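See below for the structure under consideration.
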Amino acid sequence: MKYTCEKEFTLSYTGLDNNAELNTLYAIELAQNLMTEYFGSFKSDNLRLKKQDNALWVLSKTKVKFFNKAVWLDHLHAKGYTIKNTALRTYIESVFYNQDNKFIFVALQENAVIDLETRKVRKISSVSYPNDMEYEKSAKELTFEKLTEDFSENDFVYNQKIYYTDIDFSNHTNNAVYIKHILNTFPSDFFRKHTVEDYEIHYLHETLEGDLLSIYKKQTDN
């Protein structure tokens with residue numbers, strides 16, 4: 001069976017950047033919310049997994065590619081669906097397009113199930129998940145890359161403590177918070193002159209309230 005989640009919404013003021021366009025951080029929040037509702041549509045969201053299976057879904061990788069700009073009061077349509085599963089990972093694609101059917105952005109999100117107590121990865125088959133899941137064809141065929149960049153102390157930008165408002169239902173730092181801290185390594189004027197075309201993040205370990213993040217940045221010639 002094919003499972004999908006579709007939503008309609010209007011881009012509001014709080015979702016804008018300093019160019020009155022779709023905020024990069026808000027975009028991934030939209031994708032995360034859509035994915036959560038998608039899991040909920042077949043009764044496999046974290047509220048149920050935590051109670052029924054002593055487990056949680058966690059993001060392990062995210063890739064977002066922007067195709068067109070969205071501005072204040074644009075009407076957007078969103079659709080989320082599964083494009084692939086393995087024993088330990090599920091791959092969710094979320095597409096967002098405007099009233100003219102132009103793609104605004106596409107998000108590919110790799111998810112795993114972790115045990116609530118051990119925090120170790122579990123098989124998807126060990127939790128409440130449809131055994132008749134059918135895959136949909138990818139809209140843009142995004143692929144994850146190998147991220148192997150090394151950082152030194154010369155690349156250090158700032159430290160950031162994790163606070164209560166950074167923590168989500170999984171009791172760890174919400175995935176979107178990391179994107180906020182990455183964006184904050186640039187001044188606002190940078191984004192008046194530059195547009196984010198795509199980004200990719202691999203989540204290797206959880207961080208918790210009270211932890212101190214050290215943020216590094218390296219720029220290449222391009």
Side-chain angles (χ1 to χ4, degrees), residues 1-11 15 22-50 52-53 55-70 74-114 121-145 168-170 174-176 179 196-203:
M1 181 175 177
K2 288 186 177 181
Y3 296 85
T4 61
C5 180
E6 298 190 52
K7 293 194 70 175
E8 307 274 343
F9 62 95
T10 300
L11 184 56
L22 174 64
N23 185 298
T24 305
L25 177 61
Y26 187 62
I28 194 57
E29 290 175 347
L30 290 174
Q32 283 191 190
N33 288 336
L34 181 69
M35 185 175 66
T36 299
E37 294 189 32
Y38 170 64
F39 279 122
S41 69
F42 48 80
K43 296 180 173 58
S44 189
D45 56 275
N46 274 350
L47 288 170
R48 291 182 174 91
L49 257 62
K50 187 174 184 179
Q52 299 173 0
D53 302 303
L56 292 169
W57 287 107
V58 294
L59 265 173
S60 48
K61 295 180 183 178
T62 295
K63 187 161 192 172
V64 176
K65 185 170 181 61
F66 296 89
F67 295 91
N68 291 285
K69 294 181 179 180
D74 269 359
H75 183 72
L76 301 182
H77 180 84
K79 182 179 179 181
Y81 44 85
T82 300
I83 61 170
K84 185 177 74 171
N85 281 345
T86 66
L88 299 175
R89 299 288 189 272
T90 182
Y91 297 84
I92 311 299
E93 186 174 84
S94 301
V95 296
F96 293 76
Y97 46 94
N98 66 10
Q99 58 269 21
D100 299 320
N101 286 323
K102 290 183 177 180
F103 280 105
I104 301 303
F105 71 95
V106 175
L108 175 62
Q109 299 181 88
E110 177 190 275
N111 297 268
V113 174
I114 63 169
V121 176
R122 288 169 48 174
K123 288 186 176 181
I124 295 176
S125 59
S126 71
V127 300
S128 307
Y129 189 85
N131 55 20
D132 60 349
M133 176 66 71
E134 295 181 30
Y135 308 142
E136 292 216 16
K137 181 177 173 58
S138 173
K140 290 295 181 179
E141 297 185 349
L142 302 184
T143 56
F144 292 114
E145 302 175 20
D168 60 18
F169 179 73
S170 300
N174 185 275
N175 300 88
I179 298 169
V196 176
E197 294 184 353
D198 59 68
Y199 62 84
E200 180 170 337
I201 297 184
H202 295 190
Y203 299 99

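Quantities reported herein were computed from a predicted structural model and do not represent experimental measurements.
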Considering residues, nucleotides and ligands other than Lys50, do more than 12 of their heavy atoms fall under 6.0 Å from its NZ?
-> yes
Verify whether the ring centers belonging to Tyr81 and Tyr135 lie closer than 6.0 Å.
-> no
Min side-chain heavy-atom separation Asp53-Arg122 under 4.5 Å = yes
Main-chain N/O of Ser44 paired to Trp57 side chain as donor or acceptor, under 3.5 Å | yes
Is there a donor-acceptor pair closer than 3.5 Å between any side-chain N or O of Tyr38 and the backbone N or O of Thr82?
-> yes
Residue of the set Glu110, Lys61, Lys84 for which side chain to side chain donor-acceptor pair (under 3.5 Å) holds with Tyr91 | Glu110
Atom CD of Glu197: over 12 foreign heavy atoms under 6.0 Å | no
Please report the shortest heavy-atom distance between Lys63 and Leu142, naming the atom on each side.
-> O-CD1, 4.0 Å
Could you tell me whether the side chain of Gln52 and the main chain of Ser128 form a donor-acceptor pair under 3.5 Å?
-> no
Decide yes or no for Leu88 and Lys123: does some side-chain heavy atom of the first lie under 4.5 Å from some side-chain heavy atom of the second?
-> yes
Phe96 vs Leu22 side-chain heavy atoms within contact, under 4.5 Å = no
Count the heavy atoms belonging to other residues, nucleotides or ligands that lie under 6.0 Å from NZ of Lys7, then report whether that count exceeds 12.
-> no
Are any of the side-chain heavy atoms of Ile28 and Phe105 separated by less than 4.5 Å?
-> no
Side chain proximity check, Tyr203 to Thr62, heavy atoms < 4.5 angstrom = yes
Would you sort out whether Val121 and Arg89 count as a side chain to side chain contact (heavy atoms under 4.5 Å, CB included), showing the intermediate values?
-> CA-CA 9 Å; Val121 176; Arg89 299 288 189 272; 3.7 Å; yes
Is it true that a side-chain atom of Asp168 and a backbone atom of Ser170 form a donor plus acceptor pair closer than 3.5 Å?
-> yes
Compare every heavy atom of Arg48 with every heavy atom of Gly40, then report the nearest pair and how far apart it is.
-> O-NH1, 3.7 Å
In plain terms, say whether Lys140 and Glu93 are close enough for a salt bridge, that is, a side-chain N and a carboxylate O under 4.0 Å apart.
-> no
Please lay out, stage by stage, how Phe39 and Asn46 fare under the test side chain to side chain contact (heavy atoms under 4.5 Å, CB included).
-> CA-CA 8 Å; Phe39 279 122; Asn46 274 350; over 6 Å; no
Evaluate the criterion side chain to side chain contact (heavy atoms under 4.5 Å, CB included) for residue pair Leu49 and Leu56; output intermediate values, then yes/no.
-> CA-CA 6 Å; Leu49 257 62; Leu56 292 169; 5.6 Å; no
Please tell me if the side chains of Met1 and Pro130 come closer than 4.5 Å, counting only heavy atoms from C-beta onward.
-> no
Between Val64 and Ala107, which heavy-atom pair has the shortest distance, and what is it?
-> CG2-CB, 4.0 Å
Parallel, tilted or perpendicular: rings of Tyr97 and Phe103 (30°, 60°) | perpendicular
Any Gln109 side-chain heavy atom under 4.5 Å of Asn175 side chain | no
Using atom types as modelled and distance alone, determine if a side-chain donor or acceptor of Asn98 lies under 3.5 Å from a backbone N or O of Asp74.
-> no
Can you check whether Val95 reaches Val106 side chain to side chain, under 4.5 Å on heavy atoms?
-> yes
